[in-house]
Each structure stands twice: as structure tokens, then as C-alpha cells.
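Before any comments, here is the structure.
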Amino acid sequence: MRVISGTCKGRPLKSVSGNQTRPTTDKVKESIFNMIGPYFEGGHGLDLFAGSGGLGIEALSRGFEHVIFVDRDNKAFQTIRTNIGLCGFEECSEVYKNDAERALRAVVKREIAFDGIFLDPPYKKQQLTKILSSISKHNLLNENGYIVCEHSSDIILPREIDGLKMIRNETYGLIGVSIYTLAKTLMEGKD
């Protein structure tokens, strides 16, 4: 596992020990960032269910200015901190050991909105629809932002949910990737 592109291109990253966490493959990570970027001029990200932190670190390497990483697993929490250190991203990162719902409530209180939100929950405990709805209801996505959902390829997410619209859905073997943006942003772009 490594950083694919940007300022830390080629930097190896540690994966979380054990079989509780499944890191995003390099191929899928490259595809995700080709769909939403591939590079950025600033921006704030949220890597929920961060695992090893690979998606958020890739966003930082490609130009995001700040990313909040959240995972409730202690091994994942330690691995994220290690990987952030390996890349020298300590100053532009926050890492929290918390579950997704509590983390979202904390973000709402801070009145933060994001340009990129990465959701890669455990496949057996999919709660993506509920989380997407919460993100939308609490205005956590900036006007031109994206939500990237990684899920099992047999999961079919709704095309629209609470003001969010799916703009891409791709399958890579057993992995599915669905990308959402604000529906109103798409409507304004048609004018």
C-alpha cells in the first residue's frame, strides 16, 4: 500500500494489522481520484472509517489542505497516526478514535463543511444510506464537494438521497464505488 500521486507519491503506508480492516487497493484509489480530481487546490476532507488513512492521505498528497480522520478501532487509530507521520502531514491532520455517528455530531457542532468526504465502512455493517442522509441534513458538504462511498459491489445505493445525487457508480471486482454531490449544485450547473 502506498501513496499513488502528489507530494508523497510512492511513499509506502502501513496497513492495519489483523483482518478487521480492508485497505483500498491502489487501483481503486487511483480510479477514485481520477473521478473527483485528480489534484486539488486546497480543500477540507473527512475520512470516516479511515482504516489506515489511505484515502485522506492521498487527498492531502494531491492538494487538500486539511483532513479529519476518524476510526473507532484502536489499531486503525495508531496506524493512521503512523502513516500521517511518515508523510509529514501532522500539521494538516486531525485524528480521532470515535464511531461514525458521534464523529458526525462533533463535526456538526464545529460547523465544518467538507470538499471531500470518504466513506469506507466495514462491508458487513453497511450504514451508508443513513450516513449520507445525515451528511446532507447537517450541510456537511460544500457546494462543489464530493462524497466517495466504497462498498461491496452487490450493494445498490439510491441514486438520490436527501438532496444528494449519485454522479458515478463503478465496480472493480468485489468493490463498488459510488460518488455523490449536492443535487442543487448539479441543477445550478445546467443554467
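As the structure is a prediction and not an experimental result, all values here were calculated from the model.
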Restricting to non-hydrogen atoms, name the atom on [X] and the atom on [Y] that form the minimum distance, rounded to 0.1 Å.
X      : Y      : result
Met35  : Tyr172 : CE-OH, 3.5 Å
Cys149 : Leu157 : CB-CD1, 4.1 Å
Lys75  : Val16  : CB-CG1, 3.8 Å
Ile80  : Gly53  : CG1-N, 3.8 Å
Ser93  : Phe69  : OG-CE1, 3.7 Å
Ala100 : Phe49  : CB-CZ, 3.4 Å

Does the side chain of Ser5 pick up a donor-acceptor pair with the side chain of Tyr39 at under 3.5 Å?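 Yes, because at least one side-chain N or O of Ser5 sits under 3.5 Å from a partner of the opposite role on Tyr39.
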For Asn83 and Ser52, test the side chains for any donor-to-acceptor distance below 3.5 angstrom and give the result as yes or no.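 No, Ser52 and Asn83 have no side-chain donor paired with an acceptor closer than 3.5 Å.
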When you measure from the side chain of [X] to the backbone of [Y], do you find a donor-acceptor pair of N or O atoms at a distance under 3.5 Å?
X      : Y      : answer
Ser133 : Thr129 : no
Thr82  : Gln78  : yes
Ser61  : Thr7   : yes
Ser31  : Lys27  : yes

Leu86 and Ile4: same hydrophobic cluster, using ILVMFWY side-chain contacts below 4.5 Å?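 Hydrophobic grouping puts Leu86 apart from Ile4.
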May I have the step-by-step check of salt bridge (Lys or Arg N to Asp or Glu O under 4.0 Å) for Glu90 and Arg81, ending in yes or no? CA-CA 8 Å; Glu90 297 93 341; Arg81 291 177 61 134; over 6 Å; no
One pair to check against side-chain contact (heavy atoms from CB on, under 4.5 Å): His44 and Glu65. What are the steps and the verdict? CA-CA 6 Å; His44 295 270; Glu65 61 195 81; 3.6 Å; yes
Taking 4.0 angstrom as the limit, do [X] and [Y] come out as a salt bridge?
X      : Y      : result
Glu30  : Arg62  : yes
Asp71  : Lys97  : no
Glu170 : Arg168 : yes
Glu143 : Lys184 : no

Pair His138, Leu104 - check side-chain contact (heavy atoms from CB on, under 4.5 Å), show working. CA-CA 9 Å; His138 295 292; Leu104 288 176; over 6 Å; no
Is [Y] close to [X] at the side-chain level, that is, under 4.5 Å between some pair of heavy atoms?
X      : Y      : answer
Ile84  : Ile57  : yes
Ile147 : Phe114 : no
Phe118 : Leu46  : no
Leu164 : Leu182 : yes
Lys9   : Val3   : no
Cys92  : Val67  : no
Leu119 : Val148 : no

Mind running side-chain contact (heavy atoms from CB on, under 4.5 Å) on Val28 and Val177 for me, showing each step along the way? CA-CA 8 Å; Val28 172; Val177 174; 3.9 Å; yes
[atom1]/[X] to [atom2]/[Y] distance, rounded to the nearest 0.5 angstrom?
X      : Y      : atom1 : atom2 : result
Thr181 : Asn142 : OG1   : CG    : 10.0 Å
Phe89  : Arg11  : CZ    : CZ    : 7.5 Å
Leu48  : Ile131 : CG    : CD1   : 6.0 Å
Leu13  : Cys87  : CG    : SG    : 5.0 Å
Asp162 : Ser134 : CG    : OG    : 9.5 Å
Leu60  : Leu55  : CG    : CG    : 11.5 Å

Passes side-chain contact (heavy atoms from CB on, under 4.5 Å), Val70 versus Asp47? Steps please. CA-CA 6 Å; Val70 179; Asp47 193 350; over 6 Å; no
Partner set under side-chain hydrogen bond (donor to acceptor under 3.5 Å, both in side chains) for Glu94, not counting sequence neighbours: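 Listed in chain order: His66, Tyr96, Arg110.
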Does atom CZ (Arg102) have a neighbourhood of more than 12 heavy atoms from anything else shown, all under 6.0 Å?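 Result for CZ/Arg102: open.
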I would like to know whether Thr24 and Glu150 meet side chain to side chain donor-acceptor pair (under 3.5 Å); could you show each step before the answer? CA-CA 8 Å; Thr24 302; Glu150 188 177 328; 2.7 Å; yes
Can you confirm if the aromatic rings of Phe40 and Tyr146 lie within a centre distance of less than 6.0 Å?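 When the ring centroids of Tyr146 and Phe40 are compared, they turn out to be at least 6.0 Å apart.
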